[in-house]
Amino acid sequence: METKKDIIILGIESSCDDTSSAVIKNGYLLSNIIANQNVHKAYGGVVPELASRAHQQNIIPVVDQAIRQANISPDDITAIAFTRGPGLLGSLLVGTSFAKGFSLAKGIPMIEINHLQGHVLAHFIQEHNEPYDPPRFPFLCLLVSGGNSQIILVRDYLDMEVIGQTIDDAAGEAFDKCAKVMGLPYPGGPMIDKLAKEGDPEAFKFAKPRIPDFDYSFSGLKTSFLYFLRDQLKENENFIEERKADLCASLQKTIIDILLNKLIKAAKETGISEITVAGGVSANSGLRNALIEAAKKRHWKMHIPKFAFTTDNAAMIAITGYYKYQRGEFIGMDAVPFARMDIQV
Ligand code: KG4
């Protein structure tokens, strides 16, 4: 039984290649449905036009399932929160248009969500019968995904500042592009993670960038990996097959070292020891272990999200919507999505 005081947020996420919808009631997650798009596998990466078409097919069934699983009626929903950006414009348009239609039909407010803020606030999703130990402000968040590698200083729920970011490729792109060179299917990150478990992380050494401040760079690593393979394949055409696990373990270790070096520097220089990680790459088991080790050594309070909340999902959009709702931050029907968006927007 829903009461008038309940705040029930329907979240919509469609920024890249996952169509997702979630329901959050008074901060507690009731449902989180995600439809992945397998259509991109054949192309070795996300094809924007195919992504938006798949969102168009998936969005209604996904929302319907989220509402049913939450065991609520569409009339119980207080507000609809949708990802406005950053992301693929054609994909974002599907979620934005759906949100407008739903908001108009039900006469409820609409809340725009910055996808990156959503990743950070995934740490505040509460679930019934699950422990809840959210980070305390201020904290640092290492946001690592297919499109971003950032260190974010989080002062409050909606007060965030990017203090470091990649100047070229994202960490996820480094995983995916290097995986492609080895002939692994897209997305390569999870596959490298799996193969790395059987390999020697010290087998090969790859170039690490020298970038000032808290910024990252991954394009040099990708090139160094490519040239290394090209040279080795000249000597032995079966090199990749024979050393795949060692290659994955060494590459993964290099990416983790690069990520951790800057995070450690940021923690030292800001004096903040409450540390979180977010985004698709935070599903990486090697990164998780390295963060836990670093936390032990440096007396950090480390917060690692559940796997389900690391990759793109609408639960993180709905929880961000919940906080914005309480601040009365709504948006009108003239809202348009943005492919690029700063974390503070
Ligand atoms: O946050 P996310 O779901 O979405 C986008 O940024 O679009 O992140 C996707 C990225 C991909 O690059 C994928 O390869 C990477 O996260 N990823 C992983 C793992 N799981 C997903 N990278 C390394 N290890 C993993 N286990």
Side-chain angles (χ1 to χ4, degrees), residues 13-20 32 34-37 40-41 44-48 51-52 54-55 83 85-92 95 113-123 141-150 152 165-166 169-182 184-197 199 201 216 218 221-222 247-260 276-291 304-317 339-341 343:
E13 157 63 29
S14 71
S15 65
C16 188
D17 61 339
D18 294 309
T19 318
S20 180
N32 184 34
I34 304 172
N36 307 116
Q37 301 180 356
H40 307 287
K41 282 210 162 79
V46 177
V47 183
S52 48
H55 282 304
T83 304
L88 300 172
L89 207 62
S91 292
L92 291 163
I113 304 295
N114 181 314
H115 180 82
L116 305 175
Q117 284 190 345
H119 271 302
V120 176
L121 296 187
H123 289 275
C141 180
L142 174 67
L143 175 56
V144 272
S145 70
N148 293 279
S149 295
Q150 300 182 328
I152 302 161
Q165 61 188 322
T166 181
D169 289 351
E173 268 178 292
F175 272 110
D176 296 341
K177 287 179 178 171
C178 292
K180 197 171 176 182
V181 175
M182 287 188 281
L184 298 175
Y186 176 87
M191 191 65 105
I192 290 183
D193 190 359
K194 198 168 151 216
L195 289 165
K197 293 194 174 105
Y216 289 117
F218 288 99
L221 171 62
K222 181 190 65 193
L247 282 167
C248 289
S250 304
L251 175 72
Q252 179 168 298
K253 182 176 187 300
T254 311
I255 295 175
I256 294 170
D257 284 351
I258 296 171
L259 290 172
L260 276 211
T276 68
V277 62
V281 179
S282 68
N284 185 271
S285 57
L287 177 61
R288 286 176 171 238
N289 291 338
L291 285 167
I304 299 183
K306 265 182 143 178
F307 280 106
F309 304 142
T310 56
T311 45
D312 291 348
N313 67 85
M316 67 186 200
I317 302 305
R340 291 178 178 274
M341 228 172 147
I343 198 147

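Indexing begins at 1, ligand by ligand and atom by atom, following the structure's order.
Atom 22 (N) of ligand 1 has as its closest protein heavy atom Gly189 CA, 3.4 Å. Counting only heavy atoms of the protein, atom 13 (C) of ligand 1 lies nearest to Asp176 OD1, 3.8 Å. For atom 26 (N) of ligand 1, the closest non-hydrogen atom of the protein is Asp193 OD2, 2.9 Å. Protein heavy atom nearest atom 24 (N) of ligand 1, with residue, atom name and distance: Asn284 ND2, 2.9 Å. From the protein, the heavy atom lying nearest to atom 1 (O) of ligand 1 is Gly280 N, 2.9 Å. The shortest contact between atom 15 (C) of ligand 1 and any protein heavy atom is with Val281 CG2, 3.9 Å. In terms of protein heavy atoms, atom 5 (C) of ligand 1 is closest to Gly146 N, 3.6 Å.
Side chains of Lys180 and Phe175 form no contact here, defined as non-hydrogen atoms less than 4.5 Å apart. No side-chain heavy atom of Thr311 sits less than 4.5 Å from a side-chain heavy atom of His119. Side-chain contact check for Asp18 versus Gln37: every heavy-atom pair is 4.5 Å or farther apart. In this structure, the side chains of Leu287 and Val144 come closer than 4.5 Å at one or more pairs of heavy atoms.
Atoms of ligand 1 found under 4.0 Å from any heavy atom of Pro187 (numbered from 1 in listed order, with element): 14 (O). Counting atoms of ligand 1 from 1 in the listed order, those under 4.0 Å from a heavy atom of Thr311 are 3 (O). Atoms of ligand 1 lying under 4.0 Å from at least one heavy atom of Ala283, given by number and element, are 20 (N), 26 (N).
In this structure, His119 counts as a contact residue of ligand 1, since one of its heavy atoms falls inside 4.0 Å of the ligand.
Between the side chain of Asn313 and the backbone N or O of Met316, at least one donor-acceptor pair lies under 3.5 Å.
Between Asp257 and Lys253, at least one side-chain nitrogen of the basic residue sits less than 4.0 Å from a carboxylate oxygen of the acidic one, meeting the salt-bridge criterion.
Atom NZ of Lys194 has 12 or fewer neighbouring heavy atoms from other residues, nucleotides or ligands inside a 6.0 Å radius.
In plain terms, the two heavy atoms of Pro201 and Gly199 that are nearest each other are CD-O, 3.4 Å.
Distances between N or O atoms of Glu173 and those of ligand 1 include no value under 3.5 Å. Residue Ser285 places no N or O, backbone or side chain, under 3.5 Å from any N or O of ligand 1.
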